[in-house]
There are 2 protein chains.
Amino acid sequence: MDLNAKISCKNCKHGWGNFKNLTAKELEIVNENRFQANFQAGEIIFKQGSPVSNAVFLINGMAKIYIEGFDKKRMMVGIAKPKALIAGPGTFVDDRHHYSVAALTDVTACFIKMDVLKDFVNTNGKFAEGWLRDISQKALGTFYKFLSHTQKKMHGRLAETLLYLADEVHNSDDFTMLLSRQELGELSGMAKESVVRILKDLAQDNIIEDKCPHIKILNRKKLQMISNMG
Amino acid sequence: MDLNAKISCKNCKHGWGNFKNLTAKELEIVNENRFQANFQAGEIIFKQGSPVSNAVFLINGMAKIYIEGFDKKRMMVGIAKPKALIAGPGTFVDDRHHYSVAALTDVTACFIKMDVLKDFVNTNGKFAEGWLRDISQKALGTFYKFLSHTQKKMHGRLAETLLYLADEVHNSDDFTMLLSRQELGELSGMAKESVVRILKDLAQDNIIEDKCPHIKILNRKKLQMISNMG
DNA sequence: TTTACGTATTGATATATATCAATAAAGAAA
DNA sequence: TTTCTTTATTGATATATATCAATACGTAAA
């Protein structure tokens with residue numbers, strides 16, 4: 001696979017859904033303001049606090065999105081995949097990133113000058129509306145996650161995380177865990193030791209199979225129930 | 001005070017900041033699609049799950065914005081005041097409200113047909129950008145609150161809430177508490193009994209004065225420190 | 001192979017916080 | 001005024017969860 005092959009935004013399969021609202025001419029401008037870069041697993045793609053100069057999209061690979069909170073304690077917001085715009089809510093507020101993004105696998109990322117995209121908001125109403133929808137969708141996701149973190153107990157939160165990984169990230173009930181126990185904890189809002197213990201509980205009840213980097217959901221119905229009940 | 005006096009959107013002092021991006025003609029259309037209604041303290045203005053048919057603004061009074069979560073447990077998101085758009089992130093996603101709003105005081109509210117405002121997104125780029133900024137700002141607020149709820153301890157969260165009430169709601173360090181202890185708990189993410197105990201602690205340390213419905217911040221520096229340290 | 005280092009696991013313990021139960025205070029209604 | 005009802009307060013207790021400490025495991029380097 002030749003990752004350096006000239007891909008144009010016009011025929012890109014990894015592009016943002018909202019790009020369908022752009023005209024051919026506008027897409028051409030996007031393409032002219034596009035940069036590509038490779039990251040190894042573990043490398044930081046952008047850092048909380050730095051200026052939002054580009055919109056970022058993953059062409060392949062996955063990355064974690066996380067906030068560095070009080071006394072360096074981390075909260076993982078989610079996992080980024082291709083096709084989704086990665087650019088924080090700071091874009092229209094203070095031009096600063098409000099979270100960091102780091103590659104979980106080897107990643108090829110596409111950077112598009114933010115000024116160019118922002119300009120289209122003024123000239124292309126459908127694009128503006130698409131962006132409003134995008135931001136709103138993410139805000140809703142954050143809302144729901146907030147609720148779940150403050151109202152569910154640990155078992156419910158971890159069950160929810162496992163379902164998220166299966167459904168949204170790997171599209172399979174049988175996957176290789178990308179995240180360490182520490183990171184699973186940051187994503188589910190608990191200590192790494194708690195992650196270990198709860199995974200053990202779930203395995204003992206035959207709800208999941210955990211052959212360490214491999215996870216298999218054996219009883220989705222029960223897992224769903226644990227997630228719902230909290 | 002005659003609340004039923006004909007107010008036009010053109011000279012309204014309680015309007016959304018983003019209305020400054022509308023032309024006189026557009027404002028006229030807004031004015032034609034405007035409805036006003038009065039609510040008594042305690043009454044529900046709109047309910048989570050119901051369709052987003054109108055943008056809501058308070059002309060006067062205050063309201064609480066809250067989510068009804070798992071087993072009816074409530075989470076208060078914030079307090080709405082005049083000048084701010086009240087319409088959830090569902091507006092551009094599923095046309096449903098994702099939280100409820102209830103009057104805390106007697107309230108006069110202004111309803112503007114959402115379709116009308118959405119149309120302007122397509123024809124007025126500055127207005128679209130303003131709305132993007134508005135939603136982004138709220139998303140950032142939610143993010144920060146999320147972090148604070150998951151990483152701070154109770155004293156820090158309640159201190160933060162008191163500062164929020166002083167700075168954002170009442171613009172004074174000396175105010176009459178609008179919220180019951182139950183509601184303060186819903187806003188700070190803790191049980192009502194914990195609110196009582198922590199308020200007592202703060203009063204004992206001469207950081208606040210609490211003559212029950214009246215709150216006075218006596219030592220803002222210390223309160224700020226408690227809020228920051230968690 | 002051995003060594004070293006990060007990660008995972010397990011058990012013991014500490015702590016924050018919720019829940020329960022009882023009482024007190026404050027308003028509203030009669 | 002007295003009675004009723006809601007809200008606030010206090011104390012006792014239960015529980016979820018984090019933290020600490022020790023050990024085991026797995027993989028990369030030597």
Side-chain angles (χ1 to χ4, degrees), chain A residues 40-42 64 69-76 102 104 148-162 176-204 208-215 226-227 229-230, chain B residues 40-42 64 69-76 102 104 148-162 176-204 208-215 226-227 229-230:
Chain A
Q40 284 174 265
K64 62 173 175 176
F70 313 104
D71 17 81
K72 297 157 209 155
K73 207 174 169 185
R74 287 176 175 184
M75 177 173 87
M76 200 186 299
L104 283 170
S148 137
H149 270 234
T150 46
Q151 300 198 346
K152 284 185 186 175
K153 276 171 285 160
M154 289 198 301
H155 283 75
R157 298 204 301 273
L158 192 62
E160 183 174 295
T161 295
L162 291 173
T176 301
M177 176 60 68
L178 276 165
L179 306 173
S180 67
R181 308 292 146 141
Q182 172 68 39
E183 287 171 320
L184 269 174
E186 287 164 9
L187 184 54
S188 312
M190 65 188 70
K192 57 186 184 306
E193 294 92 334
S194 299
V195 172
V196 170
R197 281 185 254 266
I198 292 167
L199 285 177
K200 198 183 167 194
D201 288 351
L202 293 173
Q204 247 153 16
I208 63 167
E209 180 186 271
D210 178 21
K211 288 183 176 161
C212 191
H214 295 279
I215 289 277
I226 293 171
S227 167
M229 292 307 144
Chain B
Q40 285 175 266
K64 61 173 175 177
F70 313 104
D71 22 77
K72 295 159 208 154
K73 206 173 169 186
R74 287 177 175 181
M75 177 174 87
M76 199 186 299
L104 283 171
S148 136
H149 270 234
T150 48
Q151 301 197 344
K152 283 185 187 176
K153 277 172 284 162
M154 289 197 303
H155 282 75
R157 298 204 301 273
L158 192 63
E160 183 175 295
T161 296
L162 291 174
T176 301
M177 177 61 67
L178 276 166
L179 306 174
S180 67
R181 308 291 146 142
Q182 173 67 39
E183 287 171 320
L184 269 175
E186 288 165 10
L187 184 54
S188 313
M190 65 188 71
K192 58 187 184 307
E193 293 93 334
S194 299
V195 173
V196 170
R197 280 184 255 264
I198 293 168
L199 285 177
K200 199 183 166 196
D201 288 350
L202 292 173
Q204 246 151 16
I208 63 167
E209 180 184 273
D210 177 21
K211 287 183 175 161
C212 191
H214 294 280
I215 289 277
I226 293 170
S227 168
M229 292 304 143

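As a basis for the values below, the full set of heavy atoms in this structure was taken, side chains included, without hydrogen atoms, waters or symmetry mates. Within every chain, numbering begins at 1; the chains are lettered A, B, ... in the order of the sequence lines, protein sequences first and strands thereafter.
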Inset, instruction - Taking side-chain hydrogen bond (donor to acceptor under 3.5 Å, both in side chains) as the test, write out the residues that go with A:Ser148, two or more places apart. - result: A:Glu160
Inset, instruction - Please identify each residue that fulfils side-chain hydrogen bond (donor to acceptor under 3.5 Å, both in side chains) with B:Arg197, with sequence neighbours left out. - result: none
Legend entry - Segment of DNA chain D, first to last nucleotide, that comes within the 4.0 Å heavy-atom reach of chain B: D:dA8 to D:dA12
Inset, instruction - For the residue pair B:Asp210 and B:Leu202, establish whether any side-chain heavy-atom pair is separated by less than 4.5 Å. - result: no
Legend entry - Divergence of helical axes at both termini of the helix from C:dT1-D:dA30 to C:dA30-D:dT1 - five pairs an end, 10° steps: 30°
Inset, instruction - Kindly compute the distance separating CE (B:Met76) from CG (B:Leu179), expressed to the nearest 0.5 Å. - result: 5.0 Å
Inset, instruction - Kindly write out the residues that satisfy salt bridge (Lys or Arg N to Asp or Glu O under 4.0 Å) with B:Arg74, not counting sequence neighbours, or none if the list is empty. - result: none
Legend entry - Whichever of B:Lys200 and A:Arg197 has its nearest DNA chain D nucleotide further upstream toward 5': B:Lys200
Inset, instruction - Just jot down the side-chain hydrogen bond (donor to acceptor under 3.5 Å, both in side chains) partners of A:Glu209, sequence neighbours excluded, or say none. - result: none
Inset, instruction - Select from A:Lys73 and B:Arg181 the residue whose nearest nucleotide in DNA chain D is closer to the 5' end of that strand. - result: B:Arg181
Inset, instruction - Give, ordered by number, those residues of residues 149-162 of chain A having at least one heavy-atom distance below 4.0 Å to an atom of DNA chain D; if nothing qualifies, reply none. - result: A:Lys153, A:Met154, A:Arg157
Inset, instruction - Go through the structure and list residues passing salt bridge (Lys or Arg N to Asp or Glu O under 4.0 Å) with B:Glu183, not counting sequence neighbours. - result: B:Lys64
Inset, instruction - Determine, step by step, whether B:Met177 and B:Leu162 satisfy the side-chain contact (heavy atoms from CB on, under 4.5 Å) criterion, reporting the C-alpha distance in whole Å, the side-chain angles of both residues, the deciding distance to 0.1 Å, and the verdict. - result: CA-CA 10 Å; B:Met177 177 61 67; B:Leu162 291 174; 4.3 Å; yes
Inset, instruction - Go through the structure and list residues passing side chain to side chain contact (heavy atoms under 4.5 Å, CB included) with B:His155, not counting sequence neighbours. - result: B:Ile198, B:Asp201, B:Ile226
Inset, instruction - Send over the distance from A:Glu183 CD to C:dG6 P, rounded to a whole Å. - result: 15 Å
Legend entry - With sequence neighbours excluded, residues passing side-chain hydrogen bond (donor to acceptor under 3.5 Å, both in side chains) with B:Glu193: none
Inset, instruction - Verify side-chain contact (heavy atoms from CB on, under 4.5 Å) between A:Ser180 and A:Glu186, making sure each step is shown before the conclusion. - result: CA-CA 10 Å; A:Ser180 67; A:Glu186 287 164 9; over 6 Å; no
Inset, instruction - Please answer whether the main-chain N or O of B:Ser188 pairs with a side-chain N or O of B:Arg157 as donor and acceptor at a distance below 3.5 Å. - result: yes
Inset, instruction - Kindly compute the distance separating CG (A:Leu187) from OG1 (A:Thr161), expressed to the nearest 0.5 Å. - result: 4.5 Å
Legend entry - Residues in contact with DNA chain C, drawn from residues 189-196 of chain A - heavy-atom cutoff 4.0 Å: A:Glu193, A:Val196
